[in-house]
Enquirer: 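For reference, the structure I am asking about is given below.
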Amino acid sequence: MTAKAVTHLNFRGDAREALTFYRAAFGGDLTVVTYKDAGDVRDPAAADQVMFGQVSTADGPSVMAYDVPSDLPYHQGENAFFVSVRGETTEEITAYWERLAEDATVLRPLGAAPWAPLYGMLRDRFGVTWVLDVVSEYNA
């Protein structure tokens with residue numbers, strides 16, 4: 001598998017509903033991991049919200065989504081999406097990271113995460129937020 005870019009949509013409490021809608025529209029497989037599932041509960045009221053969600057299709061669009069934690073800013077229409085680059089090896093993702101990181105603001109350093117062997121987030125010099133990760137059992 002080679003890395004592919006997927007639109008990563010951001011919501012405030014509506015990610016599961018949106019992903020269910022997109023699955024109905026595009027077909028495919030739905031994966032949902034809550035903050036509780038991943039052991040990353042910051043706000044007990046949001047434990048069952050989506051930390052990682054994805055609709056995957058073999059021949060059609062794929063979409064990722066999550067519920068922005070309540071302690072982070074969220075303004076629908078202003079920071080409504082990320083571009084996600086997913087790969088199978090740390091070498092592949094690290095190489096993309098190093099090139100994208102030039103003059104970028106690192107929002108989360110590239111490193112191991114509870115939900116992925118390698119994960120990082122940065123905002124490039126053009127204002128686009130990129131999420132890079134190595135596929136794990138949660139998000140395969």
Side-chain angles (χ1 to χ4, degrees):
M1 177 178 149
T2 59
K4 73 178 198 177
V6 177
T7 302
H8 185 295
L9 304 172
N10 302 334
F11 297 92
R12 180 77 89 195
D14 298 331
R16 185 184 305 266
E17 181 181 354
L19 287 164
T20 301
F21 172 77
Y22 298 136
R23 180 175 187 224
F26 302 128
D29 298 317
L30 173 64
T31 302
V32 173
V33 177
T34 66
Y35 286 96
K36 180 173 52 181
D37 294 337
D40 189 25
V41 177
R42 300 179 195 182
D43 175 2
D48 291 322
Q49 288 186 351
V50 177
M51 188 188 101
F52 171 83
Q54 178 173 277
V55 172
S56 300
T57 64
D59 298 321
S62 293
V63 177
M64 296 171 62
Y66 93 126
D67 288 308
V68 176
S70 60
D71 62 332
L72 297 177
Y74 173 75
H75 303 285
Q76 185 179 26
E78 290 181 32
N79 60 343
F81 73 94
F82 300 147
V83 178
S84 173
V85 176
R86 320 197 75 213
E88 290 185 351
T89 68
T90 58
E91 295 80 14
E92 178 180 36
I93 293 303
T94 299
Y96 289 131
W97 176 271
E98 289 172 352
R99 293 190 292 264
L100 284 169
E102 183 179 330
D103 298 324
T105 301
V106 173
L107 304 173
R108 187 184 191 288
L110 190 63
W115 59 90
L118 192 65
Y119 172 88
M121 180 187 293
L122 59 81
R123 185 175 305 111
D124 72 18
R125 63 183 180 215
F126 303 104
V128 176
T129 300
W130 295 83
V131 177
L132 290 86
D133 70 335
V134 173
V135 176
S136 74
E137 70 273 4
Y138 279 133
N139 51 37

Enquirer: Gly120 and Leu110: which non-hydrogen atoms are nearest, and at how many Å?
Expert: N-CD1, 3.7 Å

Enquirer: What's the shortest heavy-atom distance between Tyr66 and Met51, and which atoms?
Expert: CB-O, 3.3 Å

Enquirer: Who passes side-chain hydrogen bond (donor to acceptor under 3.5 Å, both in side chains) against Trp130, sequence neighbours left out?
Expert: Asp124

Enquirer: State which residues pass side-chain hydrogen bond (donor to acceptor under 3.5 Å, both in side chains) with Thr129; sequence neighbours excluded, sorted by chain then number.
Expert: none

Enquirer: Would you be so kind as to tabulate the donor-acceptor pairs closer than 3.5 Å made by side chains of residues 7-19, with sequence neighbours excluded?
Expert:
residue, atom, partner, partner atom, Å
His8, ND1, Asn10, OD1, 3.2
Asn10, ND2, Asn79, O, 3.1
Arg12, NH1, Val68, O, 3.0
Arg12, NH1, Pro69, O, 2.6
Arg12, NH1, Leu72, O, 3.4
Arg12, NH2, Leu72, O, 2.9
Arg16, NH2, Asp48, O, 3.2

Enquirer: Does any part of the side chain of Trp115, heavy atoms only, come nearer than 4.5 Å to the side chain of Val33, both counted from C-beta?
Expert: no

Enquirer: Can you list the residues that meet the ring-ring contact (aromatic ring centres under 6.0 Å, His included) rule with Tyr22, with sequence neighbours excluded?
Expert: none

Enquirer: Show the nearest heavy-atom pair for residues Thr57 and Gly27, with the distance to one decimal.
Expert: CG2-O, 3.4 Å

Enquirer: Would you give the length of the straight line joining atom CZ of Phe52 to atom OH of Tyr35, rounded to the nearest 0.5 angstrom?
Expert: 12.0 Å

Enquirer: How long is the span from the OG atom in Ser56 to the CG atom in Asp29, to the nearest 0.5 Å?
Expert: 6.5 Å

Enquirer: Any salt bridge (charged side-chain N to carboxylate O under 4.0 Å, His left out) involving residues 102-120? Give me the pairs, sequence neighbours left out, ordered by first then second residue.
Expert: Glu102-Arg125, Asp103-Arg125

Enquirer: How many angstroms lie between CZ in Phe82 and CG in Leu107, if you round to the nearest 0.5 Å?
Expert: 7.5 Å

Enquirer: When rounded to the nearest 0.5 angstrom, what is the spacing between OG1 in Thr90 and CG in Asp133?
Expert: 12.5 Å

Enquirer: After noting the C-alpha distance and the side-chain angles of Thr105 and Leu122, does the key distance pass the side-chain contact (heavy atoms from CB on, under 4.5 Å) rule?
Expert: CA-CA 6 Å; Thr105 301; Leu122 59 81; over 6 Å; no

Enquirer: Taking atom types as modelled, is there a side-chain donor on Gln54 or Arg23 under 3.5 Å from an acceptor on the other?
Expert: no

Enquirer: Would you indicate whether the side-chain heavy atoms of Thr94 and Glu91 approach each other to under 4.5 Å?
Expert: no

Enquirer: Less than 4.5 Å apart, side chain to side chain, heavy atoms only: is that true for Arg86 and Met64?
Expert: yes

Enquirer: Does any pair with a residue in residues 61-74 pass salt bridge (charged side-chain N to carboxylate O under 4.0 Å, His left out), and if so which ones, sequence neighbours excluded?
Expert: Arg42-Asp71

Enquirer: For the CE atom of Met121 and the OG atom of Ser84, what is their distance to the nearest 0.5 Å?
Expert: 9.5 Å

